[in-house]
Every structure is written in C-alpha cells, then in structure tokens.
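Ligands are counted one by one from 1 in listed order, and the atoms in each one are counted from 1 as well. Since this is a predicted model, take the numbers as computed values, not measurements. Residue indices begin at 1 and follow the sequence shown.
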Amino acid sequence: MIHEILPVGPLRCNCSIIGDESTREAMLIDPGDNIDKLLTILAKHNLQVKQIVVTHAHIDHVGGAMKLRAATGAPILLNQNDYDLLKMLDVQATWIGVPDPGKVEIDRSVTTGETVRAGQHTAQVLHTPGHTEGSICLYFAPEKKLIAGDTLFAGSIGRTDLPGGNTQKIMRSLHDTVLTLPDDTVVVPGHGQLTTIGEERATKPFLIKTQN
Ligand SMILES: [Zn+2]
C-alpha cells in the first residue's frame with residue numbers, strides 16, 4: 001500500500017493518499033487544501049484518483065474537493081448526515097479566516113456497511129457521529145489502519161461544541177465502534193500525530209464506559 005499523509009491548509013488537516021502499487025489506483029481522503037501539492041504527489045507515484053472520500057463536512061477537510069474533482073474526475077463521497085453542514089461552508093470559512101471555497105457537490109453518500117477502495121485496498125466505512133452528524137472513519141482491516149477524521153486523536157477526542165456536534169454521540173461512537181478495533185490498529189487522526197487503538201484505550205480514562 002502506498003500511503004502518503006500531507007497536512008494541508010492553515011489547520012493542517014491530515015490528508016491521506018492511499019494507492020495500490022500494482023493497479024496505480026488511488027483514493028484521496030480529506031482534500032482540505034493544497035490541491036496542487038497533492039497532485040504533485042499523485043504524479044510522483046503515477047497514481048490515478050478513483051475516489052475522493054471526505055470524513056466530515058468541515059471546511060479544513062473538504063475545502064479543496066471540487067478542485068480535486070475537476071483535476072481528476074473522481075467522485076466525491078460524504079455521509080449524507082453532513083449535507084446540511086456542507087451548505088454552511090461560507091460560514092465555516094469566516095470561522096477560520098479562509099476564502100469561501102464555493103459550493104461542494106457530493107456524488108454519493110457512504111455509510112456503515114459500505115466500502116471504499118483504492119485498487120486492492122478496501123476500507124470499511126464506519127459511521128461515527130458525534131464530532132459531526134455525518135462523521136465517518138475508514139477501516140482498512142488487512143492493513144490494520146484507521147483513518148479517523150476528527151473523531152479520535154492522539155491523546156484526545158473530537159470537539160463537539162461546533163454545529164452538529166454531540167458529546168453523547170461521539171462517546172457512543174468511540175465505545176461501540178472505534179475502540180472495538182484491534183489494539184494494534186494504527187490510527188491516522190484528522191490532525192496531529194499518529195497513534196494506535198491500544199494506546200488510546202489504555203491511556204484515556206475518560207473513554208472508560210460509564211453507565212448510560
Ligand atoms: Zn472537524
């Protein structure tokens with residue numbers, strides 16, 4: 001598996017390029033910004049983007065999606081529960097002081113039970129609401145790798161104080177879905193350094209399941 005992680009934009013969103021070495025097919029996850037740089041990396045590996053997957057509709061994760069779609073022809077996938085949030089990109093732009101990227105069109109909604117793929121590398125889509133209603137994680141089981149979006153970070157969890165955020169839901173997503181994955185699963189969070197499921201489960205007392 002080819003896996004390049006490029007922190008993009010002023011909030012340094014971890015954008016992932018996942019590629020298949022034999023078919024040269026790729027998926028690109030969270031193209032928030034710096035599309036020219038991403039296209040250079042794709043060209044370096046001789047990769048063709050087949051899917052653009054967005055973990056949630058925050059501007060730092062989705063801002064460059066239309067530019068990337070125009071350059072590659074690949075469809076943009078996002079969970080439909082974030083479509084309302086996607087309509088607020090102009091408002092989100094003012095939150096962090098970046099230009100309004102304009103309207104982003106989604107080609108298809110993806111949710112739990114579906115898969116996304118780059119050649120032979122397939123990821124299960126896990127709907128993990130909480131940071132936003134439509135937040136998803138992507139789990140590459142054979143490679144033991146989780147693209148976690150802003151649901152789980154090294155040492156913390158996603159904020160829930162923005163529109164669409166819900167603390168109870170993110171805790172449920174973490175307990176019932178994310179933390180049920182094997183300990184040696186490498187977690188690629190939406191921002192910051194990599195971690196593992198085992199490390200986060202072991203060191204996070206606030207993630208211990210409480211009653212109700
Ligand atoms: Zn976010």
Side-chain angles (χ1 to χ4, degrees), residues 5-18 27-35 38 52-68 76-106 109-112 116 123 125-139 145-174 177-179 187-195 197 200 204 206-207:
I5 302 168
L6 182 72
V8 298
L11 297 183
R12 298 181 62 75
C13 161
N14 282 331
C15 173
S16 277
I17 295 172
I18 307 266
M27 91 171 71
L28 208 140
I29 304 158
D30 286 354
D33 202 348
N34 305 124
I35 300 305
L38 292 167
I52 300 165
V53 188
V54 181
T55 60
H56 63 290
H58 279 155
I59 190 168
D60 51 324
H61 296 255
V62 72
M66 291 301 275
K67 187 174 176 182
L68 183 67
I76 304 172
L77 315 181
L78 172 77
N79 182 271
Q80 61 185 0
N81 291 289
D82 263 7
Y83 285 5
D84 285 344
L85 198 55
L86 194 67
K87 291 178 192 151
M88 297 175 48
L89 282 184
D90 52 343
V91 179
Q92 294 188 41
T94 63
W95 292 345
I96 59 171
V98 298
D100 176 5
K103 189 176 184 305
V104 176
E105 295 163 11
I106 301 304
S109 173
V110 285
T111 191
T112 300
V116 293
V125 176
L126 307 174
H127 181 213
T128 51
H131 176 64
T132 67
E133 280 291 329
S135 281
I136 58 170
C137 295
L138 304 178
Y139 178 47
K145 193 172 277 194
L146 182 77
I147 310 294
D150 285 358
T151 296
L152 180 65
F153 298 102
S156 65
I157 64 173
R159 59 190 291 188
T160 54
D161 57 329
L162 297 170
N166 182 305
T167 306
Q168 270 188 321
K169 285 187 181 176
I170 200 169
M171 294 308 277
R172 198 178 310 143
S173 292
L174 288 163
T177 304
V178 177
L179 294 179
V187 178
V188 182
H191 305 266
Q193 67 191 52
L194 275 51
T195 182
I197 291 293
E200 296 312 306
K204 297 299 151 329
F206 60 88
L207 291 182

* How are the rings of His61 and His191 set to each other: parallel, tilted or perpendicular (split at 30° and 60°)? ->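 Rings of His61 and His191: perpendicular, over 60°.
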* Just by distance, do the side chain of Asn34 and the backbone of Gly9 share a donor-acceptor pair under 3.5 Å? ->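 Yes; judged by distance alone, with no hydrogens or angles, the pair exists.
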* Asked: What closest approach, in Å, do Cys137 and Thr128 show between heavy atoms, and which atom pair accounts for it?
  ->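 Taking every non-hydrogen atom into account, SG-OG1, 3.5 Å.
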* Please find the N/O/S atom of His58 nearest to the Zn ion (ligand 1) and write down its name. =>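 It is ND1, the N, O or S atom of His58 closest to the Zn ion (ligand 1).
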* To do: Confirm or rule out an N/O/S atom of His131, from backbone or side chain, lying less than 2.8 Å from the Zn ion (ligand 1).
  =>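 So His131 counts as coordinating the Zn ion (ligand 1), yes.
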* the Zn ion (ligand 1) to Asp150: any N/O/S contact under 2.8 Å? ->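 So Asp150 does bind the Zn ion (ligand 1) by this criterion.
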* To do: Say whether His56 and Asp150, considering side chains only, have a donor N or O and an acceptor N or O under 3.5 Å apart.
  =>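 The answer is yes; a qualifying pair exists.
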